[in-house]
2 protein chains.
Amino acid sequence: MHVRPTIRDVAAKAGVTDMTVSRVVNRSGPVSDAVRARVERAIEELGYVPSRIARGLRSRRTHTLALIVSDITNPFFTTLARGVEDAASDREHLVMVCNTDESEEEEIRYLEMLSGQNVDGVLLVPAKGAEQARALAKRRQLPLVILERRIPESEHSIVHCDTRAGARSMMQYLLGLGHREIAILASPIGIATSDDRVQGALEALEGSDANATVFHELLSRDTAAKGVERCLGMVPRPTAIFALNNLLTIGALRALRMHGARVPEDISLGGFDDLPEPLLERPFLTVVAQPAYEMGRAGVELLIAEISKPTSAPTEIVLPLELVIRGSIGPPPNSAPEG
Amino acid sequence: MHVRPTIRDVAAKAGVTDMTVSRVVNRSGPVSDAVRARVERAIEELGYVPSRIARGLRSRRTHTLALIVSDITNPFFTTLARGVEDAASDREHLVMVCNTDESEEEEIRYLEMLSGQNVDGVLLVPAKGAEQARALAKRRQLPLVILERRIPESEHSIVHCDTRAGARSMMQYLLGLGHREIAILASPIGIATSDDRVQGALEALEGSDANATVFHELLSRDTAAKGVERCLGMVPRPTAIFALNNLLTIGALRALRMHGARVPEDISLGGFDDLPEPLLERPFLTVVAQPAYEMGRAGVELLIAEISKPTSAPTEIVLPLELVIRGSIGPPPNSAPEG
DNA sequence: GATGCCAGTGTTATCGTCAACATTACCACG
DNA sequence: CGTGGTAATGTTGACGATAACACTGGCATC
């Protein structure tokens, strides 16, 4: 039933009141050296650890944060979560992890639970626009930091990347290699991150003679395969595919293999969001990578700062994206090596 | 500062006492239909959610579990964590995730924090033997379930696989294909899981004319490469390598590629612990797979059962292992196709 | 019609901790 | 020598919820 010594046990053992023990533990008032020593010994001997829950009831701080993501199993979120946990641990906080599978209902359900749980603050990678979630957090004055996804006019702080610029740089890289017909595999319209990336990608085309076709409605590895099939049937056939998230990238790669298309000899493939290098049999994909770990850390720091001084205007932290060049993108196949 | 309506706010609005509200919320006593309706409306209008922290102080149940693993970033643990979270969520529990990086100190530190946090129970994938952790949990009467790793004579319940049998079946598979010189890449001696797997692997050799060489002290992808190098230099050269965890497997695969050895044509490679299929560009490795997700779910169910009736003798749940046959193992290279 | 039971509600105390306010004792100062 | 200040401790009550118990009134039972 989980019994622990209480502050009163310590007090009794040291022959003082619980208040004095509290002062020793929290350095919240003057205590004579003799008493301090007695109390500390009693704490040691009993293995006393203050109950954060009782403390939380009184002080309204539980030293607990929550991280809400769509699926911890997605390596981007796994890495993010590790960053969150490390930063929280450094500051003596614990982290609850919640998976929503992109469901706004789950998002709300968790937020309610967490609010009831008296977490000090929440890191949220929003499903869709997270309107309800944000409203709820605001109503409850629950500190909330948004991660990865841009929310327009949010009254909450946010840590993200300039994902539009990232998409643009991938496209510029492709254009620079000579690609002129490019297919873009995107999520359904309405998912902000995907929309931003599409926009960035299209921006890169302005003033060029290249052409891009955007396939929407792609949610998973399997639907990515369909996009690839349609893409391979096009005339003129795209010489490069840009997949806007890591699962789509994998899906595209597998579909290309299945259709016998060599990457990058026959067709180039670029992705968004890196896969954890330690797990890959061979690091191969050229991608625009978000600094997931750092994003987690930065989110925690921002969140804890806001918890301690519940201030002020929302902050926006923009982290740099990196174009990680590996082997999956080459020049277009029929680009006669000129000169 | 995170303000929420309290049970008293609801009571006032409904014109009853907080006790009556509590009865409505928890169905813990008779309430007339009229009053119940009033209270429910008040709850609705105020958006009242009971404070689990206050509730926890009184009832000693916080509906919070913790999962301690070495590194959530290892896909085995990621999947395990997802199973834990799903099962917990089904039962309205929240989960704290803690990373120890195999450090016993961290393990203890977290356990202390968690106990102070009044979690209801802990799921632990132990670093080493976890003696201190187990002792602490026992002293605090903190429900604890051990996952994945076998602890001899543990007074705690445990969910794991028959990892020895798994290793044996991989070896039998290799022997069946004709391999007679097999290298085994293992972790340092003293890590129970690895030791068990080694033992199982060697058991499979009894009564056969095959020979195995065990390389210990391999902790990561990088050290795996060293093992592979030594292995390639051996005379007679092993025709198959069996790596006892997923990182070693990846490391071995990369090292083999680097040395120009084709898998499985020149040398076969078998692994332990699967990699998440959705992330692989091509599912290729033949491995002994532990049901990570199910292990997480089973652990939660066991833990919650023990929390509600703090009983009895420890339970042991053994989950089945699966030999997932894919492409990385073939017959030994110079096995002349006879007949 | 007294007795007992039970549905429906309220009262009080408590979980472990800490904020706020006492209380004591000693010392400095004019 | 009284006044006031401060260091060191104690006392009380509150955080939000619920367990344990107490009360009220209606109805069945003999």
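Keep in mind it's a predicted model, so treat the numbers as computed, not measured. Below, chain A is the first sequence line, B the second, and so on; all start at residue 1.
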5′-ward residue of the pair B:Val49/B:Arg23 relative to DNA chain D: B:Val49

Upstream residue (5' side of DNA chain D) when B:Ile7 and A:Asp33 are each assigned their closest nucleotide: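 Upstream on the strand: A:Asp33.
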
For [X] and [Y], which I'm curious about, is there any donor-acceptor pair between the side chains at under 3.5 Å?
X        : Y        : value
A:Glu148 : A:Gln290 : yes
A:Arg140 : A:Ser115 : yes
A:Thr62  : A:Arg55  : no
B:Glu316 : B:Ser157 : no

Sole candidate of A:Val69, A:Ile158, A:Leu124, A:Leu67 that passes side-chain contact (heavy atoms from CB on, under 4.5 Å) when paired with A:Leu147: A:Leu67

Identified side-chain contact (heavy atoms from CB on, under 4.5 Å) counterpart of B:Val159 within the set B:Leu303, B:Ile146, B:Ile317, B:Leu123: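 Looking at B:Leu303, B:Ile146, B:Ile317, B:Leu123, the match for B:Val159 under the side-chain contact (heavy atoms from CB on, under 4.5 Å) is B:Ile317.
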
A:Thr17 side-chain N/O to D:dG10 phosphate OP1/OP2 under 4.0 Å: yes

Side-chain N or O of A:Thr20 closer than 4.0 Å to phosphate OP1/OP2 of D:dT9: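 No, outside the criterion.
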
Touch class at under 4.0 angstrom, heavy-atom based, for A:Asp18 against every strand present: base

Sugar-phosphate only, base, or nothing, as touched by B:Arg52 at under 4.0 Å among non-hydrogen atoms: nothing

Contact boundaries on DNA chain C for chain A, cut-off under 4.0 Å to non-hydrogen atoms: C:dG16 to C:dA20

In this structure, how many angstroms lie between the [atom2] atom of [N] and the [atom1] atom of [X], rounded?
X       : N      : atom1 : atom2 : answer
A:Arg27 : D:dA8  : CZ    : P     : 15 Å
A:Arg58 : D:dA17 : CZ    : C1'   : 15 Å
B:Met19 : D:dA22 : CE    : P     : 15 Å
B:Arg61 : D:dA19 : CZ    : C1'   : 16 Å
B:Leu57 : D:dA19 : CG    : C1'   : 13 Å

Minimum-distance nucleotide to B:Arg55 side chain [options: D:dT9, D:dG16, D:dT18]: D:dT18

Stepwise side chain to side chain contact (heavy atoms under 4.5 Å, CB included) test for B:Arg134 and B:Glu155: CA-CA 8 Å; B:Arg134 282 154 47 214; B:Glu155 58 280 89; 3.9 Å; yes

